[in-house]
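To start, the structure itself, in structure tokens.
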Amino acid sequence: MRLPAIPRLPLSVLLMLVFVQDYAGDAGVPLPPARPDLQLTPVPLFPGEPARRRLGALSYLGGVAIRERGGGIGGYSALSVEGDRFTLVSDLGNVLRFRLALPGEARDARGWALPETGNSGWSRPARDSESMAHDPATGTRWLGFETSNRIVRYDDALATSTGMARPPLMREWPRNGGAESLVRLADGRFVAFAEIARGKLRGTRQAVMFAGDPVAAPARAFAFTYRPPRGYRPVDAAQLPDGRLLVLTRAFSLPFYFRNTIELVDTAAIRPGATIKGRTIARLERPALHDNFEGMAIVRERGATILWLVSDDNQMVLQRTLLLKFRVDASRLPPAR
């Protein structure tokens, strides 16, 4: 995700505060260290109120601010969690993988750049990976590339590309507005939400449901539209054990304020040409922690449904990489429609 349009003077000030990394490679893209030095700092959900842990239908279980010392990258827009192993992918096409134990211990941290996928130039825009889906049975991963509206399939190690497609229903999505969200459903279907591509109805965003692997059969799909809360855009999604989706939405306003909602969407409502909307189950806004949250993952842990969120710091000192853990309290969720 790139920041929305900002008036010239504030933007010039913000650009002066950008944390510039060392650059490497012909493409001019900062490359991650192979062995990142991670500094983790526990964070309360409500600063100044450590005992306060309720956020709508969610219960806060802990979280950390991640700082990568000695040449870290940041900018993480996609998240996957398997047990204690975390995989974060940045909008520069870089990967950070580590094992985490709360309240704040990371080990086995590794960093690397995604392999080139045959895209001419493999430039910074071509590397703009914003979303990730995962098949836990095979380890296969799919990444959505926003600027070029591509979906690329990888092995579990994100070291080898096994295919790439530009689905027909996504080809006309605008630059910097493509597959910001990509989720694989338990039945093998996939859903992609556009961040910016507008639907025919005011306030809606285009979306696509794929019948299966979007790389193997990119044309086996249908279009629908999603209506996020007013002023918000969809930035990620994940499936609950009951089959419904949680959709993460984000809004930005001056002088420099990000906020998010988490929307509950009935998957059964997704049909060709339909316009769907969710019901808000939580808000990340003042006085709670708030930042540019763009990555979401749902896992099961000792019978509980766990939601993880990660924020994209845009490589700016005004923001942080936050990794937060919540329990989804099923009794507080609205019933299925």
Side-chain angles (χ1 to χ4, degrees), residues 1 19 32-33 35-47 50 52-53 55 58-69 72-92 94-112 129-132 134 141 143 158 180-181 183 235-238 246 248-250 258-262 282-285 288-301 304-328:
M1 171 265 181
F19 182 74
R35 296 293 178 183
D37 182 9
L38 302 183
Q39 178 183 8
L40 274 57
T41 304
V43 292
L45 178 61
F46 289 88
R52 190 175 174 186
R53 292 178 172 269
L55 194 73
L58 307 178
S59 294
Y60 185 56
L61 301 180
V64 293
I66 302 175
R67 181 186 174 201
E68 299 171 72
R69 295 174 292 191
I73 301 301
Y76 299 110
S77 298
L79 169 68
S80 179
V81 182
E82 296 83 43
D84 67 346
R85 187 183 73 167
F86 290 72
T87 303
L88 283 61
V89 181
S90 82
D91 51 18
L92 295 175
N94 293 319
V95 183
L96 173 64
R97 179 171 283 177
F98 57 91
R99 296 190 180 276
L100 172 68
L102 292 177
E105 177 187 357
R107 56 188 176 86
D108 301 333
R110 296 187 296 117
W112 67 94
S129 49
E130 295 281 349
S131 52
M132 175 166 51
H134 179 236
R141 299 180 184 273
L143 265 60
L158 289 171
E180 185 84 16
S181 311
V183 55
V235 291
D236 208 357
L246 291 185
L248 178 66
T249 74
R250 183 205 56 237
F258 289 98
R259 58 195 184 278
N260 295 82
T261 74
I262 298 174
R283 296 179 179 274
L284 287 135
E285 59 188 9
L289 278 179
H290 55 277
D291 209 305
N292 182 31
F293 287 96
E294 288 198 3
M296 168 188 284
I298 292 176
V299 296
R300 294 286 286 174
E301 186 178 294
T305 299
I306 302 300
L307 170 69
W308 287 93
L309 297 175
V310 69
S311 64
D312 174 2
D313 69 355
N314 289 304
Q315 299 90 44
M316 298 185 70
V317 296
L318 291 177
Q319 298 175 247
R320 294 187 291 175
T321 298
L322 297 171
L323 182 62
L324 308 183
K325 180 181 183 180
F326 297 89
R327 182 181 67 245
V328 180

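Numbers here simply count residues along the sequence, with the first being 1. None of the values given here were measured: they were computed from a predicted structure.
- Looking only at distances, no side-chain donor or acceptor of Thr305 sits under 3.5 Å from a matching main-chain atom of Val328.
- Of the possible donor and acceptor atoms, none in the side chain of Glu285 sits under 3.5 Å from a partner among the backbone N and O of His290.
- Minimum interatomic distance between Leu40 and Ala106 (heavy atoms only, all atoms of both residues): CD2-CB, 3.8 Å.
- Ile66 has its side chain out of reach of Phe86: every pair of non-hydrogen atoms, C-beta onward, lies at least 4.5 Å apart.
- What you find for Val183 and Ala238 is that their closest heavy atoms are CG2-CA, 3.9 Å.
- We find the CG-CZ distance between Asn292 and Arg250 to be 5.0 Å, quoted to the nearest 0.5 Å.
- The CG atom of Leu58 lies 5.0 Å from the CD1 atom of Ile262; values are rounded to the nearest 0.5 Å.
- The CG atom of Asp91 sits 5.0 Å away from the CG atom of Asp312 when rounded to the nearest 0.5 Å.
- Between Leu323 and Leu79, some side-chain heavy-atom pair lies under the 4.5 Å cut-off.
- Distance OH/Tyr76 to CD/Glu68: 3.5 Å, rounded to 0.5 Å.
- Of all non-hydrogen atoms in Leu246 and Met296, the two that sit nearest each other are O-SD, 3.4 Å.
- Minimum heavy-atom separation, Ser129 to Ser90: OG-O, 2.7 Å.
- Minimum interatomic distance between Gly62 and Arg53 (heavy atoms only, all atoms of both residues): N-NH1, 4.0 Å.
- Every residue meeting the salt bridge (charged side-chain N to carboxylate O under 4.0 Å, His left out) condition with Arg327, not counting sequence neighbours, appears here in chain and number order: Asp329.
- Looking only at side-chain heavy atoms (C-beta outward), Leu289 and Arg320 come within less than 4.5 Å of each other.
- A salt bridge links Glu82 with Arg141: the distance from a Lys NZ or Arg NE/NH1/NH2 to an Asp or Glu carboxylate oxygen falls below 4.0 Å.
- Put simply, the side chain of Ile306 reaches to within 4.5 Å of the side chain of Lys325, judged on heavy atoms.
- A distance-only check finds a donor-acceptor pair linking the side chain of Asp313 to the backbone of Gly75 [under 3.5 Å].
- Asp84 places no side-chain N or O within 3.5 Å of a backbone atom of Arg99 that could act as its donor or acceptor partner.
- Closest approach of Ala288 and Pro47 over heavy atoms only: C-CD, 4.5 Å.
- Arg67 pairs by the side-chain hydrogen bond (donor to acceptor under 3.5 Å, both in side chains) definition with Gln39, not counting sequence neighbours.
- A donor-acceptor contact shorter than 3.5 Å is absent between the side chain of Glu180 and the backbone of Glu130.
- Atom CG of Leu284 and atom CZ of Phe258 lie 13.5 Å apart (nearest 0.5 Å).
- Listed for the Asp291 side chain is no donor-acceptor partner under 3.5 Å among the backbone atoms of Phe293.
- Under the 30°/60° scheme for interplanar angles, the aromatic rings of Tyr60 and Phe326 are found to be tilted.
- Ser131 places no side-chain N or O within donor-acceptor distance of the main-chain N or O of Asp236, the cut-off being under 3.5 Å.
- Proximity of a side-chain donor or acceptor of Trp308 to a complementary backbone N or O of Val299 within less than 3.5 Å is not detected.
- To the nearest 0.5 Å, atom CG of residue Leu100 and atom CG of residue Asp108 are 11.5 Å apart.
- Residues Thr87 and Leu158 are in side-chain contact: their nearest non-hydrogen atoms beyond the backbone lie under 4.5 Å apart.
- Between the side chains of Thr261 and Arg283, no donor-acceptor pair of N or O atoms lies under 3.5 Å.
- A donor-acceptor pair under 3.5 Å is formed between the side chain of Asn260 and the backbone N or O of Thr249.
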